[in-house]
Amino acid sequence: MVRGYPGSWKNTMCTMNGNFLKTLTTRRGQYTGRAIVYDIDQSPGNSGGPVFAVDPSAVRALKESTFTQEEDDDDTKCLIGIVTGMTTM
């Protein structure tokens with residue numbers, strides 16, 4: 001699930017749902033990161049918006065495999081990324 005303010009919906013927060021397809025390892029200089037590829041249709045204006053996992057079993061697995069300082073019993077969603085741009089596949 002991605003939330004944001006797409007440019008085509010002037011000042012309106014939208015929620016877009018879809019499927020995660022894969023992750024890619026990215027490198028920029030000495031830094032290594034991950035890019036999440038999903039099939040959610042979005043438009044300019046979504047940059048900076050949160051990307052959530054919302055499948056309960058995936059959320060539990062993510063939270064079990066990630067260290068965290070806070071206790072969180074909410075298995076409905078887990079923030080896994082931030083929209084930084086868009087490409088077409």
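Numbers here simply count residues along the sequence, with the first being 1.
- At least one side-chain heavy atom of Thr32 sits under 4.5 Å from a side-chain heavy atom of Thr25.
- Here the closest non-hydrogen pair linking Val37 and Leu24 is CG2-CD1, 3.8 Å.
- No donor-acceptor pair closer than 3.5 Å links the side chain of Asp39 to the backbone N or O of Gly18.
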Query raised in the report: So Val51 and Val83, side chain to side chain contact (heavy atoms under 4.5 Å, CB included) or not? Walk me through it.
Result: CA-CA 7 Å; Val51 179; Val83 177; 3.7 Å; yes
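- Counting only heavy atoms from C-beta outward, the side chains of Phe20 and Ile80 approach each other to under 4.5 Å.
- Proximity of a side-chain donor or acceptor of Asp55 to a complementary backbone N or O of Ser57 within less than 3.5 Å is detected.
- The side-chain heavy atoms of Thr15 and Val2, taken from C-beta on, include no pair separated by under 4.5 Å.
- Considering only heavy atoms from C-beta on, Ile40 stays 4.5 Å or farther from Asn17 through its side chain.
- A heavy-atom distance below 4.5 Å is found between the side chains of Met13 and Arg3.
- Counting non-hydrogen atoms of neighbouring residues, nucleotides and ligands closer than 6.0 angstrom, the OH atom of Tyr5 reaches no more than 12 such neighbours.
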